[in-house]
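Keep in mind that what you see is a predicted model, and the values were worked out from it rather than measured. Throughout, protein chains are lettered first and strands after them, A, B, ... in sequence-line order, and every chain is numbered starting at 1.
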2 protein chains.
Amino acid sequence: MKKLALDAADVRILSALQQHGQLSKAKLAEISGLSATPCWARLARLKAGGYIRGYHADIALSLLADFAQVIVTVSLSRHRKADFDRFEAYVKGRDEIIDCIATGGGVDYIMKVVSPNLTAFQDFVEDLHVEDLGIDRYMTHFATRQVKTALPNISKLATARLK
Amino acid sequence: MKKLALDAADVRILSALQQHGQLSKAKLAEISGLSATPCWARLARLKAGGYIRGYHADIALSLLADFAQVIVTVSLSRHRKADFDRFEAYVKGRDEIIDCIATGGGVDYIMKVVSPNLTAFQDFVEDLHVEDLGIDRYMTHFATRQVKTALPNISKLATARLK
DNA sequence: CATGAAAGATCCCGATG
DNA sequence: CATCGGGATCTTTCATG
């Protein structure tokens with residue numbers, strides 16, 4: 001996907017939708033300082049350019065059910081491409097894993113796992129062993145409390161390159 | 001906020017909106033297996049009950065700008081309530097920190113930091129030192145690649161308690 | 001819960017300055 | 001870029017079974 005040239009108004013549109021995904025086109029236009037028609041055209045362009053990956057409701061999980069949130073760090077015993085591919089394919093297939101990054105240093109992967117309860121998480125870890133994923137070492141860090149959740153600051157990130 | 005009694009249709013509504021935050025009420029009703037009117041009533045109830053915290057567009061950050069994503073683990077040198085409060089207040093005030101959990105064991109906090117670039121992240125770490133937050137040890141893990149991002153599976157989490 | 005209906009708002013897009 | 005217009009669609013609510 002080729003990157004488009006974005007100006008400040010485009011960034012305002014994206015930022016507004018990031019914070020309020022159900023804004024009407026009229027209010028979106030107002031916030032972004034444009035009138036409805038050009039705002040609509042920009043939005044269409046941004047969507048077509050892949051800048052908007054989707055819209056999601058933020059659901060209060062804690063009201064729905066108890067659950068355990070765990071950060072798991074993983075180091076593989078070997079570092080061939082096939083080892084990474086096998087592990088990552090497994091990660092993508094488990095919906096308990098809601099976030100996974102690759103990293104350098106002594107740790108290869110850091111992921112966030114959400115399970116309905118502790119025994120479900122233990123089953124998850126058990127599966128990691130059984131599946132022969134080439135894991136050398138792993139560490140688990142149970143979340144006792146969610147201190148903060150926030151959205152990335154789009155305007156700051158998009159503006160930084162101009163400095 | 002008192003928890004409501006939710007049935008399977010409520011969970012389907014929440015799950016559908018989690019995945020497609022801009023669904024029209026008509027399609028939402030269809031997906032959740034209801035007709036429009038009762039679906040609308042349930043949605044109003046869920047919203048009033050705090051089950052829907054908001055709606056957000058998922059923006060393709062990587063198209064907007066280069067940025068560095070870092071997992072930072074922190075241990076405080078003392079563990080009085082005031083020490084936790086001070087650190088957490090700081091965390092809440094920094095918009096580079098998009099996620100922070102408290103955890104047990106040798107690590108007190110694990111957070112995800114998004115900076116426009118490496119030097120901005122170094123400045124961030126510098127601030128951590130300067131601010132006298134009572135940090136004993138910290139470790140940084142730079143993300144080299146985003147392997148996976150997914151939404152928590154609402155229906156699985158909400159159903160698990162029934163088993 | 002389902003159906004049907006109706007006023008009002010919104011959406012999409014084209015025309016024009 | 002802004003304003004205006006209008007047909008299609010969606011939203012919200014109410015009455016009825």
Please tell me whether B:N153 and B:S155 have a donor and an acceptor in their side chains that are separated by less than 3.5 angstrom.
yes
Under 3.5 Å, which N/O atoms of the protein pair with N/O atoms of nucleotides 7-10 of chain D?
none

Where the side chain of A:T37 is defined as all heavy atoms beyond and including C-beta, which of D:dT3, D:dC14, C:dC1 is the nearest nucleotide?
D:dT3
Counting only side-chain heavy atoms from C-beta out, which of D:dC1, C:dC1, C:dC12 sits nearest to B:P38?
C:dC1
Strictly by modelled atom types, are A:Q22 and B:Q22 linked by a side-chain donor-acceptor pair under 3.5 Å?
no
To the nearest angstrom, the CG-C1' distance between A:L43 and C:dC13 comes to 14 Å
Nearest-angstrom distance from the residue atom NZ of A:K47 to C1' of C:dC12
11 Å
Report yes if some heavy atom in the side chain of B:K156 is under 4.5 Å from a heavy atom in the side chain of A:F67; otherwise report no.
no
Is the count of non-hydrogen atoms from other residues, nucleotides or ligands lying under 6.0 Å from B:R145 atom CZ greater than 12?
yes
Candidates C:dG4, C:dC13, C:dC1 - which lies nearest the side chain of A:W40:
C:dC13
For the residue pair B:F84 and B:H79, does the interplanar ring angle fall in the parallel (under 30°), tilted (30 to 60°) or perpendicular (over 60°) class?
parallel
Does a side chain donor of either B:Y90 or B:R86 reach within less than 3.5 Å of an acceptor in the other side chain?
no
Write down the distance between CG (A:L34) and C1' (D:dA2), rounded to a whole number of angstrom.
10 Å
Taking atom C1' of D:dT3 as reference, at what distance in whole Å does atom CD of A:E30 sit?
16 Å
Nearest whole angstrom, please: distance from the P of C:dA9 to the CG of A:L23.
18 Å
